[in-house]
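The structure appears right after this line, and notes come after that.
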Amino acid sequence: MEIGYKLASEAHGPQELVRQAVRAEAAGFDFVEMSDHYHPWLDVQGHSSFTWTVLGAIAARTERVALVTGVTCPTIRYHPAIIAQAAATLALVSDGRFVLGVGSGERLNEHVVGRGFPDTVRERHELLREALEIIRLLWRGGYRSYDGKHLRLSDARVFDLPEELPLIAVAASGPRSARLAAELGDGLFATEDKASIVRDYRDAGGSGPGYAEVPVAWAPDERTAAREVLRTSRWALTGWKVMSELPNPANFDAATATVREEDVLEKFACGPDPERYLAAVQRYVDAGFDRLVLQNAGPDPDGFIDFYQSELAQPLRRLRPSDAAS
């Protein structure tokens, strides 16, 4: 099992994200994962820097820690040809430490270029399938063209390709996307502790690692942690169907106005008790995931990193699926 640190690009500026990544490497995290957004979820978060620039800076400042996009949508705001080139370049400058996490995206980020955002999940999956086919095609080298239902490519070539191509982890939330991850990806990416997602992926022939985000919030006391989640990260309680549809931070603010501290405490492992964090991660281990990203929404990133290093690192690595799960 590997443990990752979530770089909250919506909550911190680019220089702070680089600093946190350096600290995460020193603390023993195996990888850092960064979302790829144009907007924050809520205006109060106040940030949303360009992920690919920040990851390049992190690659230059670190030596061991792997870099992961969690996740990039390679269909509307970006053309997949651009992502194929960007991922290949980042793999080179990081000496092979990059993992490309991809998904079908959210209206929040993709509508900004004026091309609209598909209303149906079916069309979003069709777009993602074509994007992955284009990326794979370009990574074979040479000049390539593609004529799909939604996407096209004309005489394009990625000149700088690494000898070992980046692993592609495909985000899934149900059977259809899990099958897509098995067919065109090298790994799975999820945000829920559902064993059915991993099972659907394995049943479809997927054999790669399973990445998942674990919501946590460190602070010296539970209520302080929960209040910070309520202030900046209550959007995470809306569920994927809502998260993928709303177009702007103001909409997420309105949609989450009734979220309470008690709701946060049910979803997030909050406060200073290591047992709460271990129990939260255990649910994902039992579901079959083996690349766990700690998504800290607490007010003190350095306090959380220190807490991880002193209280969590070793116990987390000893976790195994429980008897009930196996």
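Bear in mind that the values here come from a model prediction, so they are computed numbers and not experimental data. When reading the values below, keep in mind they use all heavy atoms of this one structure, side chains included, and skip hydrogens, waters and symmetry mates.
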Criterion side-chain contact (heavy atoms from CB on, under 4.5 Å) on Leu153 and His79, from CA distance to verdict
CA-CA 9 Å; Leu153 183 73; His79 188 281; 4.1 Å; yes
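- Contact annotation: the side chain of Val22 approaches that of Thr62 to within less than 4.5 Å [non-hydrogen atoms, C-beta and beyond].
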side-chain contact (heavy atoms from CB on, under 4.5 Å) between Val170 and Tyr201, intermediate numbers included
CA-CA 10 Å; Val170 180; Tyr201 172 70; over 6 Å; no
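- By the criterion of side-chain heavy atoms lying less than 4.5 angstrom apart, applied directly or through intervening Ile, Leu, Val, Met, Phe, Trp or Tyr residues, Ile3 is not grouped with Val68; the two fall into different hydrophobic clusters.
- In this structure, Gln15 places its CD atom where only 12 or fewer heavy-atom neighbours from other residues, nucleotides or ligands lie under 6.0 Å away.
- Note on Glu261 versus Arg223: salt bridge recorded, some NZ/NE/NH1/NH2 to OD/OE distance being below 4.0 Å.
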Applying side-chain contact (heavy atoms from CB on, under 4.5 Å), run through Phe98 and Thr69 and close with a yes or a no.
CA-CA 8 Å; Phe98 178 61; Thr69 51; 3.9 Å; yes
The test is salt bridge (Lys or Arg N to Asp or Glu O under 4.0 Å); show your working for Asp253 and Arg234 and say whether it passes.
CA-CA 9 Å; Asp253 191 27; Arg234 60 187 184 276; 2.4 Å; yes
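- Side chain of Asp306 to backbone of Gly303: no donor-acceptor contact under 3.5 angstrom is found.
- The closest donor-acceptor contact from the side chain of His39 to the backbone of Leu108 lies under 3.5 Å.
- Screening residues 139-159 for ring pair (Phe, Tyr, Trp, His ring centres under 6.0 Å), with sequence neighbours left out, gives no hits.
- Between the Arg276 side chain and the Asp273 main chain, no donor and acceptor come within less than 3.5 Å of each other.
- Checked for salt-bridge contact, Glu126 and Arg129 miss the test: no charged N lies under 4.0 Å from a carboxylate O.
- Under the 4.5 Å side-chain heavy-atom criterion for ILVMFWY residues, no single connected hydrophobic cluster contains both Trp218 and Val264.
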Steps toward side-chain hydrogen bond (donor to acceptor under 3.5 Å, both in side chains) verdict (Ser35, Glu10)
CA-CA 8 Å; Ser35 54; Glu10 306 85 4; 2.7 Å; yes
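- Salt-bridge annotation for Arg317 and Asp30: present, with a side-chain N of the basic residue lying under 4.0 Å from a carboxylate O of the acidic one.
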Is there a side-chain contact (heavy atoms from CB on, under 4.5 Å) between Cys73 and Asn109? Walk through the geometry before answering.
CA-CA 9 Å; Cys73 175; Asn109 305 298; over 6 Å; no
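- One finds the CZ atom of Arg318 at 10.5 Å from the CE atom of Met1 (value rounded to the nearest 0.5 Å).
- For residues 252-291, the pairs satisfying ring pair (Phe, Tyr, Trp, His ring centres under 6.0 Å) are Trp41-Phe252, Tyr277-Phe307, with sequence neighbours left out.
- Distance alone, capped at 3.5 Å, is enough to place a donor-acceptor pair between the Glu130 side chain and the Leu151 backbone.
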Check step by step if side-chain hydrogen bond (donor to acceptor under 3.5 Å, both in side chains) holds for Asp36 and Tyr78.
CA-CA 11 Å; Asp36 187 355; Tyr78 303 121; 2.9 Å; yes
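- With contacts defined as side-chain heavy-atom distances shorter than 4.5 Å, the pair Leu312/Val281 does not qualify.
- Nearest approach of Ala59 to Leu67, heavy atoms of both residues: CB-CD1, 3.8 Å.
- Contacts classified as side chain to side chain donor-acceptor pair (under 3.5 Å) and involving residues 152-165 (residues at least two apart or in different chains) are given here: Ser145-Asp155, Asp147-Arg152.
- Formation of a donor-acceptor pair under 3.5 Å by the Gln282 side chain with backbone atoms of Arg320 is found in this model.
- Arg291 and Glu33 are not joined by a salt bridge, as no carboxylate oxygen comes within less than 4.0 angstrom of a charged side-chain nitrogen.
- Residues His125 and Arg179 have side chains not in contact (no heavy-atom distance under 4.5 Å, counting atoms from C-beta outward).
- Counting all heavy atoms, side chain and backbone alike, Ser322 lies closest to Asp286 at N-OD1, 2.8 Å.
- Closest approach of Leu138 to Ala156, counting heavy atoms only: CD2-O, 3.4 Å.
- Taking the side chain as every heavy atom from C-beta outward, Val293 and Phe31 approach each other to under 4.5 Å.
- Nearest heavy atom pair, residue Ala178 against residue Ile197, reads CB-O, 3.9 Å.
- In this structure, the separation between CG on Asp43 and OG1 on Thr232 is 13.0 Å, given to the nearest 0.5 Å.
- Taking both residues in full, the closest heavy atoms of Val54 and Ser49 are given as CG2-OG, 3.6 Å, listed atom of the first, atom of the second, then distance.
- Interatomic distance, Asp302 CG to Gln20 CD, rounded to the nearest 0.5 Å: 7.0 Å.
- Looking only at side-chain heavy atoms (C-beta outward), Leu92 and Thr89 stay at 4.5 Å or farther from each other.
- Here the CG-CD distance, from Leu128 to Glu123, works out to 12.5 Å after rounding to the nearest 0.5 Å.
- Between Glu133 and Arg136 there is no salt bridge, since no side-chain N of the basic residue sits under 4.0 Å from a carboxylate O of the acidic one.
- The backbone N or O of Leu42 sits less than 3.5 Å from a side-chain atom of Gln45, completing a donor-acceptor pair.
- Side-chain contact between Arg231 and Glu228 is present, with heavy atoms from C-beta onward closer than 4.5 Å.
- One hydrophobic cluster holds both Phe50 and Val102 under the rule that ILVMFWY side chains link at heavy-atom gaps under 4.5 Å.
- Distance check: Glu311 CD to Phe304 CZ gives 12.0 Å after rounding to the nearest 0.5 Å.
- The hydrophobic cluster containing Val71 does not contain Ile134, counting ILVMFWY residues as joined when their side-chain heavy atoms lie under 4.5 angstrom apart, directly or transitively.
- The backbone N or O of Leu90 sits nowhere less than 3.5 Å from a side-chain atom of Arg97 that would complete a donor-acceptor pair.
- Leu55 and Phe29 fall within a single hydrophobic cluster, where Ile, Leu, Val, Met, Phe, Trp and Tyr are joined by side-chain heavy atoms under 4.5 Å apart, directly or via other members.
- Put simply, the side chain of Asp119 reaches to within 4.5 Å of the side chain of Arg107, judged on heavy atoms.
- Nearest heavy atoms, Pro118 versus Ile76: CD-CD1, 3.5 Å.
- Salt bridge Arg124/Glu245: present, at least one basic N to carboxylate O contact under 4.0 Å.
- Here the CG atom belonging to Leu132 is positioned 12.5 Å from the CG atom belonging to Leu137, to the nearest 0.5 angstrom.
- Using modelled atom types, one side-chain atom of Glu25 and one backbone atom of Glu63 make a donor-acceptor pair closer than 3.5 Å.
- When side chains are defined from C-beta on, Ile83 counts as touching Ile135, because their heavy atoms get closer than 4.5 Å.
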